[in-house]
Amino acid sequence: MVLDTGSELSWLRCKKEPNFTSIFNPLASKTYTKIPCSSQTCKTRTSDLTLPVTCDPAKLCHFIISYADASSVEGHLAFETFRFGSLTRPATVFGCMDSGSSSNSEEDAKTTGLMGMNRGSLSFVNQMGFGKFSYCISGLDSTGFLLLGEARYSWLKPLNYTPLVQMSTPLPYFDRVAYSVQLEGIKVNNKVLPLPKSVFVPDHTGAGQTMVDSGTQFTFLLGPVYSALRKEFLLQTAGVLRVLNEPHYVFQGAMDLCYLIDSTSSSLPYLPVVKLMFRGAEMSVSGQRLLYRVPGEVRGKDSVWCFTFGNSDELGISSFLIGHHQQQNVWMEYDLENSRIGFAELRCDLAGQRLGLDVKNLA
């Protein structure tokens, strides 16, 4: 399952398709129960979902979820018994997905569903009753591990914590069930971008919040902040990196700073460190986490690599999104009990070995 801290409802593929290797078959389960649209669960427990549920022709509680990458899924809600380790939770609400549109069908074919981990009442972490969870994504191939509950290890260095931003009044563009933190500035090799603090603060509509989202691949910044970071990174890498001078080439519709790097080169040149300055904590983004090799894009002897920060405005998103590429080799702790997020840099493959996990098999 895809681990997604940016969405609420967990769902499984329930309809057999030629390209899907694994699906959930409701007919093989004795504890599976469909949720009718007349039920209290459908009427009262779905209020945090981004789109309102409806009643399908079979009078089942029907959901549609659309994601930031323009993909979407739909199906009906159901109860099922979920087991995780020694914990058993009967009547857990999830989505039985029977249709959807994908932005990456090859990747999607490898998964059976999605685990919604945000702060909404129907999220997996809330329904299972965990007050804390952690994960660590390896930089090699995005494998890693998820830990539910307390994580206390002598080898784990102290985490830096930033508080979750709470919004008591509903605002049209503020996602109240997201893991929202306060970004206060950005540094490039210790040079702070000359931006007023106000550009990082949500406005009166709630637009401009900063969300930590494991379900989004890269990090997206609002226009003025992206432009300032792009300009400074270009300046500090002049003479080190060759810019791809193709004005019309924009990776994933929002990433317009790309470079040419010799395909035979075994490592990236030295790059300036980008530091995201959150309230009370900083997250360093360096080396391989700053550039992404675009599959299949070659110019002569060179490969195309793009800067892993993009422009939210180009995607029509009115927020800052911290994606999973920037979270690679960072221990991420979501502490719901104390309303905070903690992080510390470490090699996730080595941490996995210390936990006695074969991280390669946890993709």
Side-chain angles (χ1 to χ4, degrees), residues 136-144 157 160 183 185-195 216-221 223 225-278 281-312 314 320-332 343-351 359:
C136 207
I137 304 165
S138 132
L140 299 166
D141 45 15
S142 293
T143 55
K157 54 187 173 186
N160 297 309
L183 185 62
I186 297 176
K187 285 192 262 194
V188 183
N189 257 6
N190 292 324
K191 182 183 177 184
V192 180
L193 298 182
L195 292 163
T216 297
Q217 187 171 8
F218 300 108
T219 290
F220 298 96
L221 308 170
V225 178
Y226 172 72
S227 300
L229 174 60
R230 185 187 191 280
K231 183 181 173 185
E232 188 57 38
F233 193 80
L234 258 175
L235 197 68
Q236 294 199 27
T237 52
V240 178
L241 292 172
R242 284 176 295 140
V243 176
L244 172 71
N245 282 313
E246 294 178 20
H248 299 295
Y249 184 80
V250 182
F251 178 54
Q252 288 195 358
M255 298 154 84
D256 62 359
L257 178 54
C258 298
Y259 297 96
L260 293 172
I261 295 175
D262 189 329
S263 299
T264 59
S265 173
S266 59
S267 62
L268 291 173
Y270 171 77
L271 299 172
V273 177
V274 174
K275 284 188 178 172
L276 301 173
M277 302 156 66
F278 298 107
E282 287 185 357
M283 179 185 278
S284 294
V285 182
S286 59
Q288 193 92 32
R289 286 186 284 152
L290 289 165
L291 296 180
Y292 176 76
R293 185 177 185 164
V294 183
E297 287 289 345
V298 179
R299 305 290 187 273
K301 290 180 182 174
D302 298 318
S303 298
V304 174
W305 292 69
C306 293
F307 189 43
T308 56
F309 290 83
N311 188 342
S312 293
E314 297 299 324
F320 298 93
L321 284 179
I322 313 298
H324 70 71
H325 191 84
Q326 277 71 11
Q327 297 174 41
Q328 287 178 351
N329 287 321
V330 177
W331 183 285
M332 299 288 300
F343 43 85
E345 284 191 71
L346 88 166
R347 284 268 305 275
C348 294
D349 54 343
L350 298 181
V359 173

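All residue numbers refer to positions in the sequence shown, counting from 1.
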statement: Nearest heavy-atom approach of Phe307 to Met255 is O-CE, 3.2 Å

message: Return the CG to CD1 distance between Leu244 and Ile261, rounded to the nearest 0.5 Å.
response: 11.0 Å

Sub-4.5 Å side-chain heavy-atom contact between Phe251 and Val304: no

query: Is there a donor-acceptor pair under 3.5 Å between the side chain of Ser138 and the backbone N or O of Gly144?
result: no

- prompt: Hey, mind stepping through Arg242 and Tyr259 against side-chain contact (heavy atoms from CB on, under 4.5 Å) and telling me if it holds?
  reply: CA-CA 5 Å; Arg242 284 176 295 140; Tyr259 297 96; 5.9 Å; no

message: What verdict does the side-chain contact (heavy atoms from CB on, under 4.5 Å) test give for Phe320 and Leu276, after you've listed the backbone C-alpha separation in whole Å, the side-chain angles of each residue and the deciding distance to 0.1 Å?
response: CA-CA 12 Å; Phe320 298 93; Leu276 301 173; over 6 Å; no

Check: Thr216 side chain, Phe218 main-chain N or O, donor-acceptor pair, under 3.5 Å: no

- line: Rounding to 0.5 Å, atoms CD (Glu232) and OG1 (Thr237) come to a distance of 9.5 Å

- request: Let me see the working for Thr219 and Val285 under side-chain contact (heavy atoms from CB on, under 4.5 Å), right down to the final yes or no.
  value: CA-CA 11 Å; Thr219 290; Val285 182; over 6 Å; no

- request: Of all the heavy-atom pairs spanning Cys136 and Val330, show the shortest one and how long it is.
  value: SG-O, 3.8 Å

- request: Would you give the length of the straight line joining atom SG of Cys306 to atom CG of Leu257, rounded to the nearest 0.5 angstrom?
  value: 8.0 Å

- prompt: Closest approach of Ile322 and Gln327, non-hydrogen atoms and distance?
  reply: O-NE2, 3.3 Å

message: Using modelled atom types and a 3.5 Å cut-off, is there a donor and acceptor pairing between side-chain atoms of Lys157 and backbone atoms of Glu345?
response: yes

query: Passes side-chain contact (heavy atoms from CB on, under 4.5 Å), Met283 versus Met332? Steps please.
result: CA-CA 11 Å; Met283 179 185 278; Met332 299 288 300; 3.9 Å; yes

field: Side-chain (Asn329) to main-chain (Cys348) donor-acceptor, under 3.5 angstrom
entry: yes

message: Any heavy-atom pair between the side chains of Glu314 and Val250 that's under 4.5 Å?
response: no

- prompt: Do the non-hydrogen side-chain atoms of Asn311 and Asp256 ever get within less than 4.5 Å of each other?
  reply: no

query: When rounded to the nearest 0.5 angstrom, what distance separates CZ in Arg293 from CG in Leu268?
result: 9.5 Å

field: Closest non-hydrogen atom pair between Ser286 and Val273, with its separation
entry: CB-CG2, 4.0 Å

- prompt: Short question: side chain of Gln326, backbone of Thr308 - any donor-acceptor pair under 3.5 Å?
  reply: yes

- prompt: Rounded to the nearest 0.5 Å, how far apart are CZ of Phe278 and CD1 of Ile186?
  reply: 8.5 Å

- request: Anything under 30° is parallel, anything over 60° is perpendicular, the rest tilted; go ahead and classify Tyr292 against His325.
  value: perpendicular

- request: Over all heavy atoms of both residues, which pair between Asn160 and Glu282 is shortest? Give the atoms and the distance, please.
  value: ND2-O, 4.4 Å

Reported CG-to-CH2 distance for the pair Leu241 and Trp305, which is rounded to 0.5 angstrom: 10.5 Å

message: Can a donor-acceptor pair be found, under 3.5 Å and without considering hydrogens, that links the side chain of Ser263 to the backbone of Ser303?
response: yes

task: Would you indicate whether the side-chain heavy atoms of Gln288 and Gln328 approach each other to under 4.5 Å?
output: no

task: Check Asn190 against Lys187 and note the closest heavy-atom contact, atom names and distance.
output: CA-CD, 3.8 Å

